[in-house]
Amino acid sequence: MHYASPRHEQRYRNITRGRNYPASTLAALFLLTAKRKLWQRWRLAISNHGIDWTACKNIDPGWDVTALEQAALSLDKRTALQVPLCKLADPVEFPNEMLRLVIIALWMYPSNK
C-alpha cells in the first residue's frame, strides 16, 4: 500500500492494530490518518466500534482536509462519494496526492461488500 508519508503509515498501523474493523472503516481510517491536521481532529472519535462522525461536527478543519474528510465519511457510511467531480478535477483544491489517497482508499473497500 502507498502511504502519504512514513508518519501516515505509522498512524494507520497503530490505530488498526488488533482491531477488527470492516473494510469500509479501514478505508476511511486510511484517509483520516493521511494528514496530521485531519488526524488531530478525528483521533479521539475513533473507538473499537468505529468512527463517531458526530464528534467533530462543529470544528472547521480548513479547506485542505475537507475533501478527504468527506471521502472518508462516504466510505465509512457506504454511501456515494460526496466529493463533487469538479473538486476532484481541480488540482488546486484537490492536489494529486489527495486524489491518489482517495483512489487507494477506494481500492481498499470492495464495492460488493
Between [X] and [Y], which heavy-atom pair has the shortest distance, and what is it?
| X | Y | value |
| --- | --- | --- |
| Trp42 | Ile51 | CE3-CG2, 4.3 Å |
| Thr54 | Asp52 | OG1-OD1, 2.6 Å |
| Ala34 | Ala4 | O-CB, 4.1 Å |
| Arg11 | Thr33 | NE-O, 2.9 Å |
| Ser47 | Arg19 | O-NH1, 4.5 Å |

### Heavy atoms from other residues, nucleotides or ligands near CZ of Arg36 exceed 12 (cutoff 6.0 Å)
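Incorrect, the count does not exceed 12.
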
### Task
Answer yes or no: are there more than 12 heavy-atom neighbours, outside Asn20 itself, under 6.0 Å from its atom CG?
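Result for CG/Asn20: open.
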
First locate atom [atom1] of [X], then atom [atom2] of [Y], and finally report the distance between them rounded to the nearest 0.5 Å.
| X | Y | atom1 | atom2 | result |
| --- | --- | --- | --- | --- |
| Leu101 | Asn96 | CG | CG | 11.0 Å |
| Lys37 | Leu68 | NZ | CG | 12.0 Å |
| His8 | Arg13 | NE2 | CZ | 10.5 Å |
| Leu26 | Leu31 | CG | CG | 11.5 Å |
| Ile15 | Gln10 | CD1 | CD | 12.0 Å |

### Query
With under 30° as parallel and over 60° as perpendicular, where do the rings of Tyr3 and Phe30 fit, or are they tilted in between?
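Tilted, since the angle between the ring planes falls between 30° and 60°.
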
### Donor-acceptor contact present, side-chain Asp76 to main-chain Ala72, <3.5 Å
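Between the backbone of Ala72 and the side chain of Asp76 there is no qualifying donor-acceptor contact (under 3.5 Å).
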
Is there a side-chain contact between [X] and [Y] (heavy atoms, below 4.5 Å)?
| X | Y | answer |
| --- | --- | --- |
| Trp53 | Lys77 | yes |
| Tyr21 | Ile46 | yes |
| Arg41 | Lys35 | no |
| Met108 | Leu75 | no |

